[in-house]
2 protein chains.
Amino acid sequence: MKSLEPIEVFKALSNEARLQILEWLKDPKAYFGPQEGVDLIDVGVCVSQITAKLNMTQSTTSQYLSVLQRAGLIHATRIGKWTYYKRDEEAIQAIATYIRKDL
Amino acid sequence: MKSLEPIEVFKALSNEARLQILEWLKDPKAYFGPQEGVDLIDVGVCVSQITAKLNMTQSTTSQYLSVLQRAGLIHATRIGKWTYYKRDEEAIQAIATYIRKDL
DNA sequence: TTGACATATCGGGAATTATCGATATAATAA
DNA sequence: TTATTATATCGATAATTCCCGATATGTCAA
């Protein structure tokens with residue numbers, strides 16, 4: 001189990017767009033169209049699809065995904081030229097537990 | 001029950017000193033000396049005591065307490081010239097629940 | 001190879017946050 | 001009333017974050 005610095009997690013969550021991304025990734029089928037030969041649920045959603053929904057540039061989207069990843073809330077899988085991002089449900093539960101028990 | 005904007009809560013928690021204050025307030029008897037005629041547990045801890053432990057000015061402490069209060073994580077009770085701050089345990093559990101179920 | 005596409009990173013200006021000192025306000029004590 | 005103490009607020013500067021455009025890197029197809 002990775003470290004999960006609570007403060008980094010809270011910083012990552014302190015931004016509307018990043019919160020939005022996390023919510024979309026909770027139910028990818030509801031928010032994103034299907035992707036050539038990959039299972040949205042299993043593998044995740046690629047940067048272009050997220051950029052398309054977010055009202056921001058590809059650059060910003062990519063950076064926000066990095067922030068969420070460094071916080072441990074999502075992880076990336078590269079397949080060909082795409083990078084698919086997926087929530088780390090365990091980490092998300094872990095931060096809830098941190099608040100409930102330790103904060 | 002108050003609103004509790006998750007993003008405001010996360011912003012409030014995105015600072016080491018404010019996180020520290022919340023942790024101290026979790027167990028006031030462990031971190032603060034007794035106060036003239038008030039029950040630390042019931043009423044809370046006054047700004048001076050918190051300022052004394054935090055390594056920052058009274059001004060900063062007061063502002064951080066405001067931020068935590070506006071986020072709904074603590075609440076204040078004024079008695080005489082002192083303002084006592086106390087955690088809102090319900091709100092803290094509520095944000096844990098938000099993360100666990102809705103994020 | 002070269003070209004095209006997906007993503008990542010760099011450099012920067014604008015907006016927000018961190019934190020202070022000075023001062024205003026509120027309450028009590030003398 | 002005046003002085004004193006506790007807290008809140010104001011104004012300012014430094015640091016950080018937001019978000020962009022430009023460009024670099026990685027991968028596949030021709």
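Chain letters run A, B, ... following the sequence lines, proteins first and then strands; every chain starts at 1. Just so it is clear, the structure is predicted and the values come from calculations on it, not from any experiment.
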Practice item. Rounded off to whole Å, could you give me the CH2-to-C1' distance for the B/W82 and C/dA27 pair? Key: 9 Å
Exercise for review: Select from B/R78 and A/I79 the residue whose nearest nucleotide in DNA chain D is closer to the 5' end of that strand.
Suggested key: B/R78
Point to revise | Whole-Å gap separating P (C/dC5) and CD (A/Q49) | key: 17 Å
Point to revise | Positions of residues 52-60 of chain A (non-hydrogen atom under 4.0 Å from DNA chain D), listed by number | key: A/M56, A/T57, A/S59, A/T60
Review point. Any side-chain heavy-atom pair from A/E16 and B/I7 closer than 4.5 angstrom?
Key: yes
Check your understanding: Is there side-chain contact between A/V9 and B/L13, with heavy atoms separated by less than 4.5 Å?
Key -> no
Exercise for review: Identify the heavy atoms of B/K86 and B/G44 that sit nearest to each other, and give their distance.
Suggested key: CB-CA, 4.1 Å
Check your understanding: Taking atom C1' of C/dA6 as reference, at what distance in whole Å does atom CD of A/Q63 sit?
Key -> 16 Å
Review point. So where does chain B start and stop touching DNA chain D, 5' to 3', when the test is distance under 4.0 Å to a non-hydrogen atom?
Key: D/dT5 to D/dC10
Practice item. Flag yes if A/I41 and A/I74 sit in one hydrophobic cluster, no otherwise; membership is Ile, Leu, Val, Met, Phe, Trp, Tyr, and two members link when side-chain heavy atoms are under 4.5 Å apart. Key: no
Review point. Is it true that a side-chain atom of A/R18 and a backbone atom of A/K11 form a donor plus acceptor pair closer than 3.5 Å?
Key: yes
Practice item. Please report how far the helix from C/dT1-D/dA30 to C/dA30-D/dT1 bends, comparing the axis fitted to its first five pairs with the axis fitted to its last five, to the nearest 10 degrees. Key: 10°
**Study point:** side chain to side chain donor-acceptor pair (under 3.5 Å) partners of residues 48-57 of chain A, not counting sequence neighbours, each pair once
**Key:** A/T51-A/T61, A/T57-A/T60
Exercise for review: Check for a donor-acceptor pair, side chain of A/R78 on one end and backbone N or O of A/G80 on the other, with a separation under 3.5 Å.
Suggested key: yes
Review point. Quick one: A/L65 CG to C/dT9 C1', roughly how many Å, whole number?
Key: 14 Å
Practice item. Could you give me the CA-CA distance, side-chain angles and deciding distance for B/I50 and B/L25, then say whether side-chain contact (heavy atoms from CB on, under 4.5 Å) is met? Key: CA-CA 9 Å; B/I50 298 171; B/L25 291 183; 4.3 Å; yes
Point to revise | Distance in angstrom units between A/F10 CZ and C/dT17 P, rounded | key: 17 Å
Check your understanding: So do the side chains of A/L40 and A/P34 get within less than 4.5 Å of each other, counting heavy atoms only?
Key -> no
Can I get a per-line list of side-chain donor-acceptor pairs under 3.5 Å for residues 95-103 of chain A, giving both atom names and the distance, sequence neighbours left out?
unit_1 : atom_1 : unit_2 : atom_2 : d
A/T97  : OG1    : A/Q93  : O      : 3.0
A/Y98  : OH     : B/E23  : OE2    : 3.1

**Study point:** same_hphob_cluster(A/L54, A/V45) at 4.5 Å side-chain heavy-atom cutoff
**Key:** yes
Exercise for review: Using whole Å, report how far CG of A/L68 lies from P of C/dA8.
Suggested key: 13 Å
Review point. More than 12 heavy atoms of other residues, nucleotides or ligands under 6.0 Å from NZ of A/K29: is that the case?
Key: no
Check your understanding: Atom CG of A/L65 and atom OG1 of A/T83: how far apart are they, to the nearest 0.5 Å?
Key -> 9.5 Å
Check your understanding: Checking all strands, does B/T83 fall into the base, sugar-phosphate, or nothing category for heavy-atom contacts under 4.0 angstrom?
Key -> sugar-phosphate
Review point. Hey, does the side chain of B/S14 reach the backbone of B/F10 with a donor-acceptor pair shorter than 3.5 angstrom?
Key: yes
Exercise for review: Please work out if B/Y85 contacts a base, only the sugar-phosphate, or nothing of the nucleic acid, heavy-atom cut-off 4.0 Å.
Suggested key: sugar-phosphate
Check your understanding: Heavy atom of residues 14-22 of chain B under 4.0 Å from DNA chain C: which residues?
Key -> B/N15, B/R18
